[in-house]
S.K.: 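Below: one structure in structure tokens.
Residue numbering restarts at 1 for every chain, and letters A, B, ... go by the order of the sequence lines.
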There are 2 protein chains.
Amino acid sequence: MKEGPDIALIGSLIGDPARANMLTALMGGRALTATELATHAGITLQTASSHLSKLEAGGLLSQRKQGRHRYFQLAEDEVGLMLENLMGFAASRGMNRHRPGPKDPALRKARVCYNHLAGDYGVRMYDSLIAEKQIEINGDDLALTPAGQTRIEALGIDYSALKKLRRPICRTCLDWSERRSHLAGSLGEALLTLFIDRGWAKREANSRAIRFTASGEKAFSELFPQ
Amino acid sequence: MKEGPDIALIGSLIGDPARANMLTALMGGRALTATELATHAGITLQTASSHLSKLEAGGLLSQRKQGRHRYFQLAEDEVGLMLENLMGFAASRGMNRHRPGPKDPALRKARVCYNHLAGDYGVRMYDSLIAEKQIEINGDDLALTPAGQTRIEALGIDYSALKKLRRPICRTCLDWSERRSHLAGSLGEALLTLFIDRGWAKREANSRAIRFTASGEKAFSELFPQ
DNA sequence: TTCATACTTCGATCGTAGTCGAAGCATCCC
DNA sequence: GGGATGCTTCGACTACGATCGAAGTATGAA
């Protein structure tokens, strides 16, 4: 009768609107304090605190104390992937929290998916990397080809440092707006950081949206031709 | 602030234990009546009825009237994929509803994932099909190669009939026990049906487990060498 | 028609979980 | 030290939703 893993547990964790709002806020990739998350969810600090401890107990969140602040973030990449997946499903059922607003196109164009680039730009980058055989699919795993390695090192990404991490370097993540894969993993994170460090793009405050500058778009398109 | 799809809605649908039990029961692939689902969930018929209408309104279930029975099933393949995905996540967090029981190994070996084969056997079949280049990955899509087409037609599967359906023929699904991909889609369904029709395997009653016969295992291993 | 089965709807109950006010720690700054 | 600020814990309130009994509808059988 009762077989397999307990989906009701995660379901109920995500099922509360306040918690869901916090989680989506954390999909922005930044670590947020309890107070920030409380305002995101539209609740008082006390209730937020109780929600946060539940999410942490459920393994969805991890926290880091810094002085008198407590920074929360998604516990692992997998949490972000799972959430993006759920969003994709919800979107396919037309479950939206609002009628598409002015922010919506910006989100679809480029946004943060926990720590990497998603949206149209994320998918374009992924497709380009595949087309140029810089990453390739081996069974279930995505791997950097030798050509890809030299390529990203030329961009200034420290490949050996990525390799030392326990996390997978390349990983696919299903995009909810495009319904296609894009690149996650430590390389996905490194690339997004690169774009921001080079001033090609900026994270918008209080949003998952990423705004590319005009020159940033040009550089991006040259780097990842379609 | 409130961006993107509403994950809280699906979360709350899945978050109720009774509903989660019904959904996992329906992952067995058979269409079940309201009464059967009520007993699966351990609740009375009245409450089951209310849960079922909520699940249907949420687009997770569809129903089909047949005489005085009402058969429920997962609305689409995507629902099954999403649920299996969630189970994978739950399993990776150690969220199990029971300490692994005697049924557990059987489930991990071979089980139904809504309408196709999952577990060790599902993954083995998938790997074998990939290794022999009968299916291949093109970007996000999985496709049958010409060699694969002749192969499955030789097995007695009507390829042109599959092609006429709106559903994708090949599709990957993430296995929660193996944490690897296996084959879903209409071909995945057709293959499982084939195994059962040929008497190689049987569905267990009231369980997702699939039991292969000795000769069935042999035939399966010959068909999909490792 | 009459009875039985399958299911839904209504109404009432009950529990639990989300919520906040108030008080209690902890950390930082002056 | 004293007084902010950030967060947690406690306790009480409340509301929502899960639950079931009882009555109502639909289909089928006799």
S.K.: If you only use heavy atoms from C-beta on, which nucleotide in D:dT8, D:dC20, C:dG21 is closest to the side chain of B:T47?
M.R.: D:dC20
S.K.: Would you indicate, yes or no, if D:dG17 has its OP1 or OP2 atom less than 4.0 angstrom from a side-chain nitrogen or oxygen of B:K54?
M.R.: no
S.K.: Under 4.0 Å between a side-chain nitrogen and a carboxylate oxygen: does that hold for B:E189 and B:R167?
M.R.: yes
S.K.: How do A:S50 and A:G67 order along DNA chain C: which one's closest nucleotide is nearer the 5' end?
M.R.: A:S50
S.K.: The side chain of A:R68 lies closest to which of these nucleotides: D:dA4, C:dA4, C:dG18?
M.R.: D:dA4
S.K.: Between B:D175 and B:G119, is there a donor-acceptor pair closer than 3.5 Å when you use the side chain of the first and the backbone of the second?
M.R.: yes
S.K.: Quick check for you: among D:dC20, D:dT8, C:dT19, whose closest atom lies nearest to any side-chain atom of B:T44?
M.R.: D:dC20
S.K.: Ignoring backbone atoms, test whether B:K65 places a side-chain nitrogen or oxygen under 4.0 Å from the OP1 or OP2 oxygen of D:dT27.
M.R.: yes
S.K.: Do the side-chain N or O atoms of A:H69 get closer than 4.0 angstrom to the phosphate oxygens (OP1, OP2) of D:dT5?
M.R.: no
S.K.: Looking at A:S92, is its backbone amide N or carbonyl O close enough to the side chain of A:R179 to form a donor-acceptor pair, meaning the two atoms are under 3.5 Å apart?
M.R.: no
S.K.: Reckon A:T33 touches a base, only the sugar-phosphate, or nothing at all at heavy-atom distances under 4.0 Å?
M.R.: sugar-phosphate
S.K.: Given C:dT19, C:dT9, D:dT9, which nucleotide is nearest the side-chain atoms of B:Q46?
M.R.: C:dT9
S.K.: A:R19 side chain: which of D:dT19, C:dA4, C:dG18 is closest?
M.R.: C:dG18
S.K.: Heavy atoms only, 4.0 Å cut-off, all strands: where does A:A48 land among base, sugar-phosphate and nothing?
M.R.: nothing
S.K.: Is there a salt bridge (Lys or Arg N to Asp or Glu O under 4.0 Å) between A:E84 and A:R208 once you walk through the steps?
M.R.: CA-CA 12 Å; A:E84 186 82 1; A:R208 294 179 64 186; 3.0 Å; yes
